[in-house]
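Since the structure comes first, as structure tokens, the remarks are kept for the end.
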Amino acid sequence: MYREFKHLHLPSIDAEIRQFWEDERIFEQSVEQRPADKSYVFYEGPPSANGKPGIHHVMARTVKDLFCRYNTLKGYRVERKGGWDTHGLPIELQVEKELGITKEDIGKKVTVDEYNQACRSTVMRYKDLWDDITRRMGYWVDLDNPYITFENNYIESCWWILQQLYNKKTPSGESYLYKGFTIQPYSPAAGTGLSSHELNMPGCYKEVTDFSTVAMFKVRLNESSGFLFEDNEEDLRILAWTTTPWTLPSNVALTVGPNIEYAKIQTLSPYTGAPVSVVLAKDRVSAYFNAEDENRPLDDFKVGDKRLPYKVLKTGIKGADLVGIQYEQLLPTPAASTPELEEKGFRVISGDFVTTEDGTGVVHTAPYFGADDFRASKAAGIPFIGIPNPKNPDLPFPLVDKQGKFVQEVPEFGGRYVKAEYYSKEVTSDKEFKPTDLLISLQLKEDNKAFKIEKYKHNYPHCWRTDKPVLYYPLDSWFIRASAAKERMSELNKTINWKPASTGTGRFGQWLDNLQDWNLSRSRYWGVPLPIWRTEDGEEEICIGSVEEMNQEIDKAVKAGVMELNPYSAFAAQDDDEMDTRHKYVYTGDMAIWDILKRFSRDNREEPTEAENMLWQAIRNRQVGGYKFRRQHPIGSFIADFVCISEKLVVEVDGGYHNAKEQRELDEARATYLNNLGFKVLRFTNEAVMEKMEWVLGEIARVLSSPPGPLSKGEGVTSRPASLSVDAKGTRSPSPLERGPGGEDLHRPFIDEVVLVSPSGRPMRRELDLIDVWFDSGSMPYAQWHYPFENQEVFKNNFPANFIAEGVDQTRGWFYTLHAIAVMVFDSVAFKNVVSNGLVLDKEGNKMAKSKGNAVDPFETIAEFGADATRWYMMANANPWDNLKFDTNGILEVRNKLFGTLFNTYNFFALYANLDGFKMDESKVLPYDKRTELDRWVISKLYSLVAEYHEAMNDYEVTRACRAIEEFVDLHLSNWFVRLSRRRFWKGELNEDKTAAYQTLFECLMVTGQLMASVAPFFADWLYRNLTAPIKDTAKANNTPLRHDSVHLSDLTLPDPSKVDKDLEKRMDYAQRICSLALSIRKKEKLRVRLPLQKILLPVLDEAFIAEVDGVKDLILSEINVKEIEFITDASGLLKKGAKANFKTLGAKLGKDMKDAAALIANFSNDDINTLEQSGWLKVLLNGNEYTLTPEDMIISTEDLPGWKVASDGALTVALDVTMTPELQAEGTARDLVNRIQNIRKEKDFNVTDRVTVTLEKHDAILAAVEKFHDYIKAEVLATDLVLADAVEGEKVELDDVVSVGIEVSVN
RNA sequence: AGGGCUAUAGCUCAGUUGGUUAGAGCGCUACACUGAUAAUGUAGAGGUCUCCAGUUCAAAUCUGGAUAGCCCUACCA
């Protein structure tokens, strides 16, 4: 029997199928059953579990999931290793918030170790929620063995990559990993650099009022500036505006826009009245001068006047003309002066970033204190200004120190803080206090170097911790020389298939073209430490690429006496599980025994007993109370069958031999040992596990949830057994976060304790920086496998990825770092196809945000509508890369339209199949040529769909694929095939035609389900399982395609051109259109469909037309309830034709005369058209040009059949004979009666197969019908008797508007 | 500020290499059908294809510009 259902409830289907998947390990099977050498590689971009999953994650993961599933179905092995992104600033910030500390407190109020432990636990805070959404949404990813970026193995791989970069050199010998500096946001108050993330935190940009100054830079008269001067005596100045006057002593250049037009103005210095000529952007003249003052005599001006008389001396000066002009230094610092600076500095340079929106169109440039300034002056070869640095003459020390004070060498202002906010309140509250910016401005005024000083309101970034303004300041950083690989990155990028393509060429491509070096440094605690050790002077350094290498170096250092002992001595490459335990219980015994233990553990894992397997299936995956168990896990010098490390619970399963006395003693000794380590030990027999699993699980759960029992109390636990002590710092008490002493952890602070020895015997300390967390995630192709230290083969088979997908916001994040590292280290792409999905907005198109309250809870959505409808909606509604306006009405629509229709279709199939006792028999499939036209048609449509589906999916166009399925299900399968076939299913016995109908419908449902399986995995599996359940055993026995337990284990139906019959599809298309036209005429003429009509007339379109329509004639006739079709040709003389220009062919031929031709053709008479059709050409004269028209140049159609009721669609025309005869009338009434009787059957809830007796009230209106169609009516309504009576007990039923008759129906 | 994406019916979206009646679904209105029935069909109303200019015989489509929304990047002095 096929299962039948009352209603569609997708969430129940989800639950049923999810349980099935988990019970039967369908995901694992779907991977394992595919050949290992035929892989399709997918990389999971790791989410961070310290935030809750949102609906946009469902979207992103649907994209990931479905292409993996699709390729699995195609026969590829698709491993999906999950991952967790665990480092980074957001996590640090959250931890600091929760601990109530700031960065300064780290190392004081809490130890760095504690701090990092807090990070470690915070990072997985919502892991349960994530695991839950993963399961509920049907995302298949291996969460049992994820890569985790904070694990030592992961970090070690990152180190290896960094070392590769360190050793890699450009052709000119520069390393790809180097130390340099950039201009970065820096908080002198906090003494730390800030990331752009920190700067973008709310409230960081504040409206502040600063002193802005327009300074006058005096131009030197020489060859390049000569053209600007009127005479040798002229005082010519360039005006430049700044909101940070404190940077003026560091000025070395003025930047102009090369294409901006500048003007020279003759005027007076506003503060001194001295005559002066100034240069500024022409567009900015009006900002400083009033047009009314133009050409006013200069003598009019007195110092103190607000308005300046002026005269325009020159315009049309391009910025490019000014480049190279030298000027006198504005505020000289003698100590900073060098010959080189005098020669190359203090000149005009050009920069694209200059605008004329405010200021003067000239940008004062101080390279140490502005990123644009830095770039522009570097490009122009301007040296830096600062106090000479004996070690590096090219990089003098800035004139402002790290506290934000001018260095002593700066005249007048040395020792002053550059920003008022850096002074204490006591200082600034003094009435005499003047901010440095103001003092500088006043001095400029006095020296006749200021043109305008005013207060200026603007947004300025502040340090989020100290609330004081940020400076842009040169900071040391480690960089990856990405710019050196930029061409290669561009080149390889062109081989990547981006969805959408514009992201690859646009956002990503252009980013690559303008690539800057990658600033790796982060001065933080929780992240991958930079593995570089340096001597204090930076002259000797080493980049470490593995733990082993570090250990060797440490040993050297210990020998050399720069370190006391090696805290990492017990450290070796370990697999994750072992690592985890050894963190806490480090084995310090004989390494040979350790190796034996490890081997023993592996062997055990390979040959588990039946009972062990059963228990493992029951407790794995946190099934018991959410606790994680491991199997065959080394604890101290034993291997535990199962262990929950967090709760210190060991579970052992004993075989029969445990009854032996010696074994019992051994077991006891072992238990004592484990108890001493603080473990509880639960022991079950094989029999208990296999027969009383519920009790066993209950016991485990009870112990897990019980308060610490006697075994975990007492001295045995708190004092660490001597054999397990770890390092010299063993006195450190265990932190509350359940972590043993450091020394095994590559994070700070432990790593900072490592001091290495340089070749010359000096100590080298680690560069304190961590690396950008983006480097972590970009390293995942290698680090997830701990490459190259392990899994070299695995890595080889899994690089590069065939496919990745992530939000479009990752373009310059993960997509970039993956690409950059792959190109630089492996000269390869990291991924071949990438789908970047857009945002999920609310239904109004606003961004979702918790603060706005418009965020959608994915758990609620899935619980209400089911995962499949949600997934389908997201994929079908818009392309994944477009933003999605998320509206649950859309999910409802999908549910009703697609899933509802399919559900109904399946139920329909199941209902009748069960009645007929039909079961799909794979061995007795009727050949297609034995099936009806309609069957073959829907099969053809189905395989057309299969072809279209594969084409779309292979191009990662899931939306197209979904829409094609929707169209097939709704339009073709349900609305045409099922509708027209209904009668075949319920009429008569299970004959060949009926079998064909069942088999056809079965195949359609089966294949459609497969195609849907990628996007709607639950429903598709539900459908597949329902369809195949009755024959599963047979299929398995015969090893046929339907033997698989799950659709996800089956082989996807491939395109098969032999099953597609385009001619047949065309015929059916005619049928559908003819029916539609005929029905529309009926509707217009108010002729109900039950009333039969005599015939329709079809003008013949072409030679094949008659044969084509004849093939589907029966369908048409029954669908529109007409007796016959008559074909008419020209010869009948009945047709009135019309012609329309075919613009496509004619346009090219006629050009300008096209419009006139269209008018002419529209007016063609029947004769004109006939002439053209018969002779094949027609000459026309248009605007004096003669053209020859052929039949292809126009579209000819039947416009009308005079005297008939006509409708047309394109070239196709249908005329309906509406003549009524008593015979037809009677048949119509008979059908009406059948309908009314059927309704009564249904109202009375009779069984479909019940035989009945029908009594009809005698009425003139039905006499003819009953007489002529007596047998027909009886047959249709399964009546054994049909009698007429004068009076009927049953109710009166309306036959039409005027007639009602009594009808009584009773079961025999 | 720079780069990118988007703009078509009340809503969500299609719209091929430019070709003359701009489509679909939902919603709305009317009707029909009924052994899929809390299902289904047919029809109708509903459009300045965001705006401006250009190329062309012909533009929703190509080009340029503008406007709006969103994303990424960025110290506008």
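Predicted model only: the values in this text are computed from it and were never measured. Quick note on labels: first sequence line is chain A, next is B, and so on, each numbered from 1.
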### Query
Any donor-acceptor pair under 3.5 Å joining the side chain of A/T247 to the base of B/A77?
no
### Message
Using heavy-atom distances to pick each residue's nearest nucleotide on RNA chain B, tell me which of A/L915 and A/D970 is more 5'.
### Response
A/L915
### Summary
Among B/A36, B/A77, B/C13, the one nearest any side-chain atom of A/V363 is B/A77
### B/G2 OP1/OP2 closer than 4.0 Å to side-chain N/O of A/Q510
no
### Query
When you check the gap from the basic side-chain N to the acidic O, do A/E948 and A/R960 get nearer than 4.0 Å?
no
### Query
Does A/W986 or A/L884 map to a spot on RNA chain B nearer the 5' end, using the closest nucleotide for each?
A/L884
#### Entry: Candidate nucleotides B/C5, B/C33, B/C13, ranked by approach to the side chain of A/R1088 - the nearest
B/C33
### Message
Any base atoms under 4.0 Å from A/T244, or only sugar-phosphate, or nothing? Heavy atoms, all strands.
### Response
sugar-phosphate
## Note on the structure
Atom CG of A/N883 and atom C1' of B/U12 are separated, to the nearest Å, by 14 Å
### Query
Rounding to a whole Å, what distance do you find between A/Q516:CD and B/C72:P?
20 Å
### Message
Output the rounded distance in Å from NZ (A/K6) to C1' (B/A39).
### Response
16 Å
### Length of the CG-C1' vector between A/D1193 and B/G19, whole Å
13 Å
#### Entry: B/A36 base / A/R982 side chain donor-acceptor hit below 3.5 Å
yes
### Task
Figure out the CZ/P separation between A/R984 and B/A36, and round it to whole Å.
15 Å
### Summary
With the side chain defined as heavy atoms from C-beta on, A/M1154 is closest, among B/U12, B/C5, B/G19, to B/G19
### Task
Assign the ring pair A/F908 / A/F985 to parallel, tilted or perpendicular, where the plane angle (0 to 90°) is split at 30° and 60°.
perpendicular
#### Entry: Phosphate contact (B/A14 OP1 or OP2) by A/N879 side-chain N/O below 4.0 Å
yes
### Query
A/W976 has an atom CH2; how far is it from atom C1' of B/U42, in whole Å?
12 Å
### Task
Determine: side-chain N/O of A/K897 to OP1/OP2 of B/C26, distance under 4.0 Å, yes or no.
yes
### Query
Taking OP1 and OP2 of B/A39, is either one under 4.0 Å from a side-chain nitrogen or oxygen of A/N904?
no
### Task
Give a yes/no on whether any side-chain N or O of A/S1076 is located under 4.0 angstrom from OP1 or OP2 of B/A43.
yes
#### Entry: Among B/A14, B/A77, B/A32, the one nearest A/T243 by side-chain distance
B/A77
### Query
Which nucleotide, in any strand shown, forms a Watson-Crick or G-U wobble pair with B/U55, with both distances under 3.5 Å?
none
### Message
Quick check for you: among B/A36, B/C26, B/U12, whose closest atom lies nearest to any side-chain atom of A/E893?
### Response
B/C26
### Query
CZ of A/R960 versus C1' of B/U16: gap in Å, rounded?
11 Å
### Query
B/A77, B/A36, B/U20: which one has an atom nearest the side-chain heavy atoms of A/F1143?
B/U20
### Task
Please work out whether the ring planes of A/F909 and A/Y906 are parallel, tilted or perpendicular, with thresholds of 30° and 60°.
tilted
### Task
Quick one: label A/F985 by what it contacts on the DNA or RNA (base, sugar-phosphate, nothing), any heavy atom closer than 4.0 Å.
nothing
#### Entry: Side-chain donor/acceptor contact of A/K1144 with base of B/U17 under 3.5 Å
yes
### Query
Does A/N907 put a side-chain nitrogen or oxygen below 4.0 Å from OP1 or OP2 of B/A36?
no
### Task
Give one of base, sugar-phosphate or nothing for A/R979, where a contact means two heavy atoms less than 4.0 Å apart.
base
### Rounded interatomic separation in angstrom, taking CG from A/N1142 and P from B/G19
12 Å
